There are 2 protein chains.
Amino acid sequence: MARTQGSHSEITGPRIRSAALALFAKHGFAAVSMRQIAGEVGVQAGALYNYIPDKQALLFSLMKGHMDDLLAACEERPALNTPQDRLRDFVDFHIAFHLDRPEAVFISYMELRNLSPENFAQIEALRRTYENRLEAILEQGRAQGVFEVADTKIATLAVIAMLTGVTTWYRQAGRLSVTQVQAVYWDMVRKAVAA
Amino acid sequence: MARTQGSHSEITGPRIRSAALALFAKHGFAAVSMRQIAGEVGVQAGALYNYIPDKQALLFSLMKGHMDDLLAACEERPALNTPQDRLRDFVDFHIAFHLDRPEAVFISYMELRNLSPENFAQIEALRRTYENRLEAILEQGRAQGVFEVADTKIATLAVIAMLTGVTTWYRQAGRLSVTQVQAVYWDMVRKAVAA
DNA sequence: AGCGTAACTGAACGCGCGTTCATATCCAAG
DNA sequence: CTTGGATATGAACGCGCGTTCAGTTACGCT
């Protein structure tokens with residue numbers, strides 16, 4: 001047997017990425033075999049190599065894609081004026097975006113050490129870019145005297161860590177909607193950096 | 001060759017745990033082989049099985065040990081009265097304890113999915129116990145009207161996520177001492193839950 | 001001095017890994 | 001209807017995995 005009925009590059013490619021995303025998130029990159037991914041897609045392991053050069057590139061592609069999505073979505077937010085409005089928007093955006101793709105988030109935080117040094121550097125740079133957006137907001141607020149933080153850089157990382165933590169406990173069937181979660185976190189962030 | 005000079009159970013046992021801790025933290029449980037661990041200790045792979053039943057038990061033992069240490073150290077803190085004092089003490093303790101053993105922290109957060117279901121349940125329960133200590137503090141403060149949080153459970157997880165995040169960026173040679181870091185985080189936590 | 005056992009070696013077990021490749025089939029274009 | 005490239009198979013490659021175990025050595029004890 002060889003090529004099967006109804007097979008198309010446009011279908012199999014995304015399916016590989018989707019299956020890999022789910023499996024990597026669940027079991028970890030190192031614990032997932034190419035045969036498992038192929039099995040999920042419904043092809044043999046060898047077929048994967050029509051779409052990706054190797055396993056490492058697959059991981060990098062998923063993480064790079066996630067970070068690109070993150071930054072692109074971030075760019076599209078409305079341009080607000082006051083630091084308070086900008087911070088509130090950042091909180092809302094970060095929570096909504098991350099709750100929307102928990103698997104990609106999980107991978108992007110957990111599998112950094114499985115990236116080759118060059119790939120790691122690239123992802124790290126993108127993450128830094130994202131962090132800088134929040135840092136700029138906090139810095140602006142501090143300059144205007146509406147925020148008061150002992151250390152802007154640490155505050156940036158602290159806020160992001162706090163917000164990202166939402167993915168570890170949030171369940172869609174839980175008692176809180178995304179909007180409610182955003183409100184609860186905004187309340188804490190607002191106060192934490194308040195003057 | 002067989003038993004080597006100066007070999008002792010009391011020495012090799014801890015050395016295995018120590019080597020496994022470092023390697024698991026650096027490369028991930030699934031990516032580290034028993035032969036790597038043995039190599040680090042200076043023995044053959046087979047010798048490891050005089051000390052541990054299998055690889056899974058080694059991981060569990062490390063994580064269980066870490067959680068036990070955490071809870072034991074937590075118990076030993078002075079009994080303070082006001083919620084503010086208790087919260088400040090919790091922040092200081094959490095940061096100091098976690099910065100003191102970054103590898104164990106890393107493993108305990110990252111390798112949960114590599115635990116067998118029964119082992120996972122045990123670690124999860126210990127983590128819950130720890131979280132409950134903070135939640136009790138926040139709840140007491142809320143009852144007394146000195147804290148004001150929209151949702152105590154979420155606030156608990158948010159604070160812990162924020163504090164634990166310190167391990168991702170703190171470097172011993174960095175510009176801030178542990179004491180300074182504690183102060184910066186305390187400032188944010190205090191305000192975040194303030195009435 | 002010699003014995004028993006704790007501590008370790010080194011080889012072996014079956015297995016699954018990531019990756020490659022010759023081969024086969026399907027589909028679209030001429 | 002033919003043909004050529006895209007798409008997949010399935011077998012194979014060498015290798016390292018976790019684990020077991022018979023055998024060997026060093027040490028503590030009498």
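Just so you know, these numbers come straight off a predicted model, no measurement behind them. Chain letters run A, B, ... following the sequence lines, proteins first, then strands; residues in each count from 1.
Contact annotation: B:T12 side-chain N/O to C:dA7 OP1/OP2 distance is not under 4.0 Å. For C:dG16, the OP1/OP2 oxygens have no side-chain nitrogen or oxygen of A:S33 closer than 4.0 Å. Remark: A:Y49 is not in phosphate contact with D:dA8, judged by side-chain N or O atoms under 4.0 Å from OP1 or OP2.
Rounded to an integer number of Å, the gap from CG of A:L48 to P of C:dG18 is 10 Å. Atom CD1 of B:I11 is separated from atom P of D:dC27 by 11 Å (rounded to the nearest Å). One atom, CD1 of A:I16, and another, P of C:dT19, lie 13 Å apart when rounded to the nearest Å. The CD atom of B:Q44 sits 14 Å away from the P atom of D:dG18 (whole-angstrom rounding). The separation between A:K55 atom NZ and C:dC17 atom C1' is 8 Å, rounded to whole Å.
Judged by distance alone with a 3.5 Å cut-off, no donor-acceptor contact links the side chain of A:R35 to the base of C:dG16.
Under 4.0 Å is where a charged nitrogen must lie from a carboxylate oxygen, and between B:R142 and B:E148 no such pair does.
Residue A:N50 places its side chain closer to D:dT7 than to any other of C:dC8, D:dT19, D:dT7. Of all nucleotides listed (D:dA8, C:dT19, D:dT19), D:dA8 comes nearest to the side chain of A:V43.
The residue among A:G46 and B:D54 whose nearest nucleotide of DNA chain D lies closer to the 5′ end is A:G46. Nucleotides of DNA chain C nearest to A:A30 and B:G42 differ in position, and the one nearer the 5' end is that of B:G42.
Using a 4.0 Å heavy-atom cutoff across all strands shown, A:V32 reaches sugar-phosphate atoms only and no base atom.
Between A:Y130 and A:H94, the distance separating the two ring centers is shorter than 6.0 angstrom.
Relative to the six-membered ring of A:Y51, A:R15 misses at least one condition, a distance below 6.0 Å or an angle of at most 45° to the axis.
No donor-acceptor contact under 3.5 angstrom links the side chains of B:N132 and B:T129, judged on distance only.
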